[in-house]
Amino acid sequence: MIAHFFLRLALFWLLLTSSSCFATTVIWHRSPLDFGSFRYVYDIELLRLALEKTRPSHGDYQLQAIPPASFARMLHSLRNNTYPNMLLEISYDKKLEDSGELTYINFPVELGIIGYRVCFVNPTVKEKVGQVKTLDELRQFTMGQGVGWADIAILRHNGFQVREVSNYTSLFKMVAGGRFDLLCRGVNELMMEYQQYKEIGNLTYDESFALVYRMPRFFYLSKTNEAIKLRVEEGLKMAYADGSLQMLWRQHNLQSIEFTQLFKRKIFFLDNPLIADLPRDYEQYFYDPLARHPQANSVEASSAP
């Protein structure tokens, strides 16, 4: 009887510890701000891939979307750990770490492609923009960007006039209506955004130039969530090593990149002051779309005015 009791106790303890070791981990992520938007789908699927790669070693998981919110509100939630294990993909900025509340996973979410920028253009100046040959000529045109976007500091550092707009959808309406001249987006974003908002009257895009600057985007999270940081970083690197990450990336990005026809454009390189002190080991994961087209137009480097 005693032996039977201890056997049952041992089995119960084994089940209990097994359940706790593989308890489901809830991970929170951002939601698109607009119904029908394709924004962030790749980021969420990339997160899912990393978690799947680590399921055997770290157990089950559940992805949950936070309620739609502005970037400022999401950043506030991240700093306060309102949603434990929340990850928010943000372009690198040292100021985010200076508060001591946040950390990031050292893997560029979009393999650096977001730093290749092509622009929606005010239709009344499209022809004039198409004739630009130098950065000084391009600086004559005003830029629109979303509040909180890293591009604002980059563009201003390189001598551009930038207007900040709080509402994402309004950016497309304002460039089409001539409130500013250019709205520059990643080469992996322009095609889907044009298809989504092309019903806006006069919405059009430039086909003559592209801006290029190093702008790595990382998954940021609260420093209190170290376990999920280690898990996701491990999963991302596993997926990159076996090629499944690159396959996912191509599914979500390659068509739009080809749509922009970078190799036919003038390329202007800009400096990004936000990453001046950032170690460049992340660049080993970068994808260079211009390397596929050695016939690409000559490029012009920029120095801040």
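- Between the side chains of D43 and H29, no donor N or O sits under 3.5 Å from an acceptor N or O.
- Among L46, I27, L236, the one residue that satisfies the side-chain contact (heavy atoms from CB on, under 4.5 Å) test with L51 is I27.
- Under the 30°/60° scheme for interplanar angles, the aromatic rings of Y285 and Y240 are found to stand perpendicular.
- Counting heavy-atom neighbours within 6.0 Å of E127 CD, excluding the residue itself, gives a total of 12 or less.
- Using the six-membered ring where Trp is involved, Y197 and F172 have ring planes that are parallel, under 30° apart on the 30 and 60° scheme.
- For residues 99-110, the set of pairs meeting the salt bridge (Lys or Arg N to Asp or Glu O under 4.0 Å) definition, not counting sequence neighbours, comprises R79-E101, E110-R217.
- Salt-bridge check for D136 with R139: passed, with a basic side-chain N closer than 4.0 Å to an acidic carboxylate O.
- Each of L78, L221, L88 was evaluated against L102; a single residue qualifies, L78, per the side-chain contact (heavy atoms from CB on, under 4.5 Å) test.
- Checked against E233 for a side-chain hydrogen bond (donor to acceptor under 3.5 Å, both in side chains), the options R231, K229, K237 give a single hit: K237.
- To the nearest 0.5 angstrom, R30 atom CZ is 12.0 Å from S77 atom OG.
- Atom-to-atom distance recorded for S31:OG and I44:CD1 is 7.0 Å, nearest 0.5 angstrom.
- Rounded to the nearest 0.5 angstrom, Y61 OH and T25 OG1 are separated by 11.0 Å.
- Atom CD1 of I257 and atom CZ of F259 lie 13.0 Å apart (nearest 0.5 Å).
- Note that CZ of F209 and SG of C119 are 3.5 Å apart. Values are rounded to the nearest 0.5 Å.
- Partner of D206 under the salt bridge (charged side-chain N to carboxylate O under 4.0 Å, His left out) criterion, out of R265, K266, K126: R265 alone.
- Every pair passing salt bridge (Lys or Arg N to Asp or Glu O under 4.0 Å) that includes a residue from residues 164-182 is listed here, sequence neighbours excluded: R156-E164.
- In this structure, the ring of Y205 has its center less than 6.0 angstrom from the ring center of Y194.
- One N or O on the side chain of N158 and one on the backbone of D271 form a donor-acceptor pair closer than 3.5 Å.
- Centroid-to-centroid, the aromatic rings of Y282 and F107 stay 6.0 Å apart or farther.
- Every pair passing ring pair (Phe, Tyr, Trp, His ring centres under 6.0 Å) that includes a residue from residues 78-101 is listed here, sequence neighbours excluded: W28-Y83, Y92-Y104.
- Remark: the backbone N or O of V147 is not paired with any side-chain donor or acceptor of S166 at under 3.5 angstrom.
- Other residues, nucleotides and ligands place no more than 12 heavy atoms under 6.0 Å from the CD atom of Q255.
- A donor-acceptor pair shorter than 3.5 Å cannot be found between the side chains of S256 and N188.
- The structure places OH of Y42 at 11.0 Å from CG of L47, a figure rounded to the nearest 0.5 Å.
- Side chains of Y220 and E97: no donor on one and acceptor on the other come within 3.5 Å.
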